[in-house]
Every structure is written in structure tokens, then in C-alpha cells.
Amino acid sequence: MSAIPGRVGRVQCSFDNGATYITIGGLVDATLNGNVDELETTTHDSGGAREYIPNFHDETLDMTMRWDEQDPGQAALINSTFPTPTVFKLRFLMQVSSGKRRFDADAFITSFTPAQPLDDTASFDLSLRLSGTLATTQP
């Protein structure tokens, strides 16, 4: 298995139901977080060991960017937050190449943190809730 540098990925958003996607610029870090709930199914017949089955799953995406409101992707995200939060299509690509895994979902912003530190560049952190089925391509 060969390692890939993290910088070859992309995050894109669509506000026209997936007809066109905008690449989000200034991206420093994007982390897709997934969780699967578990249901305990232990009975007297379980031989003294707890037994579980998977249940619902949920995902979030945390992103850090260098602030650039002139970037079309960042501007679209900012506009999707105010005045009313908007659900949009999100695409998370680990590698920008044909035939590589891609994750698609509906999303909305749950946390919005622009920062202007004294001794660093302005940053823009977001947390997004992915809603519904997380579709993934199989490479």
C-alpha cells in the first residue's frame, strides 16, 4: 500500500442540488468523522460475553481554511450560514483523480469560527453535520 499526501484531496459544495460543484479554496485541513451507534443484544444465551449489532451511523466534517471571502467556495459557505442556515450538497475527495474514493452527502454548518490572531494569518474553521445517507464511490 502506498501512502498519499493529505494535500491531494478536495472539499466541494453545491447549492444547485448537485448540478455544479464549487471547490472550497484556502483549505488547510479537512477531517471526515464517522460514528456508528451500537445496540446491545446480550441474552442469557450469550455465554457470559456482551453482544452488539451496528445501528444508525452519523458523520460530521471539520474544516480549517485560511480566510479568503473572495474565494467562491468560502463565500458560498459564509452565505449558507446567514441569515438562515441552508442545507447543501457536499463532496469530500481524498484524492483528486479519476477512479478514487469520493464521499457525497447533504450538509449544513453547525459551527462557524473566523479568527484574526495577532501573530498568524486569519483562519476560518467550520464544522458541518452531514445528513441522510453518506454515499461513497468504490474505487
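Atom CG of Leu90 sits about 11.5 Å away from atom CD of Glu59, to the nearest 0.5 Å. Distance check, rounded to the nearest 0.5 Å: CD of Glu51 to OG1 of Thr41 gives 5.0 Å. Atom NZ of Lys100 is separated from atom CE of Met94 by 11.5 Å, given to the nearest 0.5 angstrom. Interatomic distance, Thr110 OG1 to Leu128 CG, rounded to the nearest 0.5 Å: 6.5 Å. The structure places CG of Leu77 at 5.0 Å from CD1 of Ile109, a figure rounded to the nearest 0.5 Å. Separation of atoms CE (Met63) and CG (Leu126) is listed at 5.5 Å; rounding is to 0.5 Å.
No donor-acceptor distance shorter than 3.5 angstrom exists from the side chain of Arg129 to the backbone of Thr60, with no hydrogens or angles considered. Side-chain atoms of Ser131 do not come within 3.5 Å of backbone N or O of Asp106 as any donor-acceptor pair. Put simply, the side chain of Thr64 never gets that close to the backbone of Asp125: no donor and acceptor are under 3.5 Å apart. Under the 3.5 Å distance criterion, the side-chain polar atoms of Ser127 are left unmatched by any main-chain donor or acceptor of Ser111.
If you check the side chains of Thr23 and Gln12, you find a donor sitting under 3.5 Å from an acceptor.
Taking both residues in full, the closest heavy atoms of Gln74 and Gly25 are given as NE2-O, 2.9 Å, listed atom of the first, atom of the second, then distance. The shortest heavy-atom contact between Gly9 and Val96 is C-CG2, 4.2 Å. Residues Met65 and Ile24 approach most closely at SD-CG2, 3.4 Å, considering heavy atoms. Residue Cys13 comes nearest to Gly73 through the heavy atom pair SG-O, 4.3 Å, listed as atom of the first residue, atom of the second, then distance. Contact detail for Asp62 and Asn33: the closest heavy-atom pair is OD2-ND2, 3.0 Å. Pro117 and Ala122 get closest at one heavy-atom pair: CD-CA, 4.2 Å.
Two residues are said to be in side-chain contact when any heavy atoms from C-beta on lie closer than 4.5 Å; Lys89 and Asp104 fail this criterion.
Both Leu134 and Phe92 sit in one connected hydrophobic cluster of ILVMFWY residues. Membership requires side-chain heavy atoms under 4.5 Å apart, directly or through other members. Taken together through direct or relayed side-chain contacts under 4.5 Å among Ile, Leu, Val, Met, Phe, Trp and Tyr, Phe103 and Leu61 form part of one hydrophobic cluster. Phe56 and Leu32 fall into different hydrophobic clusters, where Ile, Leu, Val, Met, Phe, Trp and Tyr are joined by side-chain heavy atoms under 4.5 Å apart, directly or via other members.
Within 6.0 Å of the CD atom in Gln116, the count of heavy atoms belonging to other residues, nucleotides or ligands does not exceed 12.
Between Phe82 and Phe112, the ring planes are perpendicular. Angles over 60° get that label, and only those under 30° would be called parallel.
Taking the ring pair (Phe, Tyr, Trp, His ring centres under 6.0 Å) definition, one finds that Phe15 meets it with Phe88, sequence neighbours left out.
Put simply, the residue from Thr113, Asp71, Leu27, Ile78 that forms a side chain to side chain contact (heavy atoms under 4.5 Å, CB included) with Phe124 is Ile78.
A salt bridge is absent between Arg66 and Asp68: the closest approach of a Lys/Arg side-chain nitrogen to an acidic carboxylate oxygen does not fall below 4.0 angstrom.
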Q: Decide yes or no on side chain to side chain contact (heavy atoms under 4.5 Å, CB included) for Phe108 and Thr86, but give the supporting numbers first.
A: CA-CA 6 Å; Phe108 58 93; Thr86 303; over 6 Å; no
